[in-house]
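As the structure is a prediction and not an experimental result, all values here were calculated from the model. In listed order, ligands and their atoms are each counted from 1. Every heavy atom of this structure was used, including side-chain atoms; hydrogens, water molecules and symmetry mates were not.
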Amino acid sequence: MTSTAEPLSGTVEQTEVAARADAFVAELSEWLRIPSISADPGHRGDVARSAEWLVATLRRDGWPVTEVWDDTAALPAVYAHWPAADPDAPTVLVYGHHDVQPADLEDGWSFAPFEPQVVGEELRGRGASDDKGHIAMVLLGVRAHLAATGATSPAVSLKLLVEGEEESGSAHLAELLDAHADALTCDEIVVTDTGMVGRDTPTVCCGMRGMVDLEVVYRGASVDLHSGQFGGAVPNPVTELARLVAAFHDDDGHIAVPGFYDDVREPTAEERAAWAALPFDEPAWLAGSAAGATATSGEAGWSTYERLWARPTAEVNGLHGGYAGPGHKTIVPHTATLKMTFRLVDAQDPARIKPLLERFVAERVPAGIDAEVSTGGPGVPPLICDLDSDLVASIREAMGIALGAEVLPAREGGSGPEALLTDALGAPLAFLGVMLPGDRIHAPDERAVLPLLLRGAESVAHLVRLLGARC
Ligand SMILES: [Zn+2]
């Protein structure tokens, strides 16, 4: 199960991981057969079954405290606790999720998504990488840590929180964290739901963007009007909404909403230098990850990584209005709809950004148009890790040993519940995961690269040892 592509560390932890590799693949494959799709009410029973599977596995491993939490509106989550022998050892909480994105053969899968298969060095199936593969990786890492140290408990107190509805937006995570605040007390948080820039480019995620929604509906007349009898004499909601869309950016790609950038800080010199040192093959990235896009674009003066990781966005997700059927239909449409999402960075607070967006729209509604504006739920705050923290340094060291290379700081452009975790639990957070851009998470034919998952497990084993040695 080892690959010649990854340098081998030769550590005891690596030997212990390798000894368990075949059992690990069999075990993870069994879990992947449970279609724990949180978005689909028809799969509620499977989400519960997936939680029970995980608890049974943790019990077999010897975790002293294992619980399914189904006492809130949240879908079943799993909690586990393995205290260190030393009562003064720090407590590290590992977060991940056991629910998966929907998957159907007709979406374009080349095999049944919940009948996992090993092809070469890949394990293929929904959840293989995101995030069951990574939770299984943590379990394997803890086993290897215990075997390598000969101890009966980990070097730091470990807690696991494995959510059951991350893929449908973690709608009840705040409630779950609140209901179980006592059990979840911890000194540090490690999030597994993350990855690296590339297989040959070991990186650790050190930040995620936040997000707010914006939906605008423009209405003119009460029904579509004849474009000959009325066109040119009444406002056209589609034209007017297109004007609004165009106003969000200037010609350099800067977002034109007053005050929008007030809480945006530039990345540190160390981060910019690290990102500049990451290999980036733009044509390959466009053709592969960007699915055949033919050019990059965005805010002037920033690289692609910087645009994705350190700069906020105003993205149109949908702009609809009028007739799009065959032939033509001579109307002035009576309504048009705009959906946008704004990715936020650094200290941009969704609660502060929303009124700025609402004002920007309100100031532009022309006479004769009735506008309905909404900014959805509370939004997601961005999260930036402290690169100078012991936790980030220990993760970089642990992954560096396992992967045999320096691990550079990177970020992800997406958004997750990380800021919610740090706020609710009052602890710093960092990431450890080995997902690759090519893992096709959320897409057909999801896969995990097994040798890399094993290196990830070895990283977990080193991390627990390093964090224990620190105290
Ligand atoms: Zn995930």
Side-chain angles (χ1 to χ4, degrees), residues 28 31-32 34-40 43 46-47 50-51 53-54 74-78 93-103 107 113-114 116 123-139 141 160-174 176-177 189-197 203-211 289 308-309 341 343 380-383 385 410-422 429-449 452-453 456-457 459-460:
L28 175 55
W31 198 13
L32 297 182
I34 305 173
S36 49
I37 303 165
S38 56
D40 183 348
H43 284 282
D46 292 318
V47 176
S50 167
W53 183 95
L54 177 56
L75 293 179
V78 170
L93 180 129
V94 177
Y95 165 86
H97 60 91
H98 69 90
D99 63 319
V100 297
Q101 284 276 316
D107 297 340
F114 296 101
L123 174 60
R124 298 181 182 174
R126 174 57 91 223
S129 184
D130 177 19
D131 186 36
K132 283 175 173 167
H134 276 66
I135 294 298
M137 172 193 92
V138 171
L139 268 52
L160 269 185
L161 175 62
V162 187
E163 200 192 345
E165 54 183 32
E166 194 274 347
E167 297 293 11
S168 37
S170 299
H172 307 95
L173 181 59
L176 188 77
L177 297 175
I189 304 165
V190 174
V191 169
T192 62
D193 196 10
T194 187
M196 313 199 303
V197 166
T203 53
V204 60
C205 174
C206 291
M208 308 263 301
R209 293 193 287 192
M211 190 164 73
S289 302
L308 290 171
W309 297 342
T341 42
R343 297 282 175 173
V380 181
L383 179 114
C385 303
R411 293 192 195 173
E412 286 182 23
S415 307
E418 286 73 25
L420 184 62
L421 289 168
T422 55
L429 180 152
F431 296 84
L432 193 172
V434 292
M435 287 177 199
L436 292 178
D439 280 358
R440 299 185 286 272
I441 66 169
H442 297 206
D445 291 0
E446 181 176 346
R447 63 115 205 242
V449 177
L452 210 47
L453 265 191
S459 303
V460 170

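- When side chains are defined from C-beta on, Asp46 does not count as touching Asp40, because their heavy atoms never get closer than 4.5 Å.
- Atom-to-atom distance recorded for Met435:CE and Met137:CE is 8.5 Å, nearest 0.5 angstrom.
- The set of protein atoms (N, O or S) found at less than 2.8 Å from the Zn ion (ligand 1) reads His97 NE2, Asp130 OD1, Asp193 OD1, Asp193 OD2, by chain and number.
- In this structure Asp445 satisfies the salt bridge (charged side-chain N to carboxylate O under 4.0 Å, His left out) test with no other residue, sequence neighbours excluded.
- The salt bridge (charged side-chain N to carboxylate O under 4.0 Å, His left out) check on Arg411 picks up Glu271, with sequence neighbours excluded.
- Partners of Glu446 according to the salt bridge (charged side-chain N to carboxylate O under 4.0 Å, His left out) rule, which considers only residues two or more places apart in sequence or in another chain, are Arg126.
- Listed for the Glu165 side chain is no donor-acceptor partner under 3.5 Å among the backbone atoms of Ser38.
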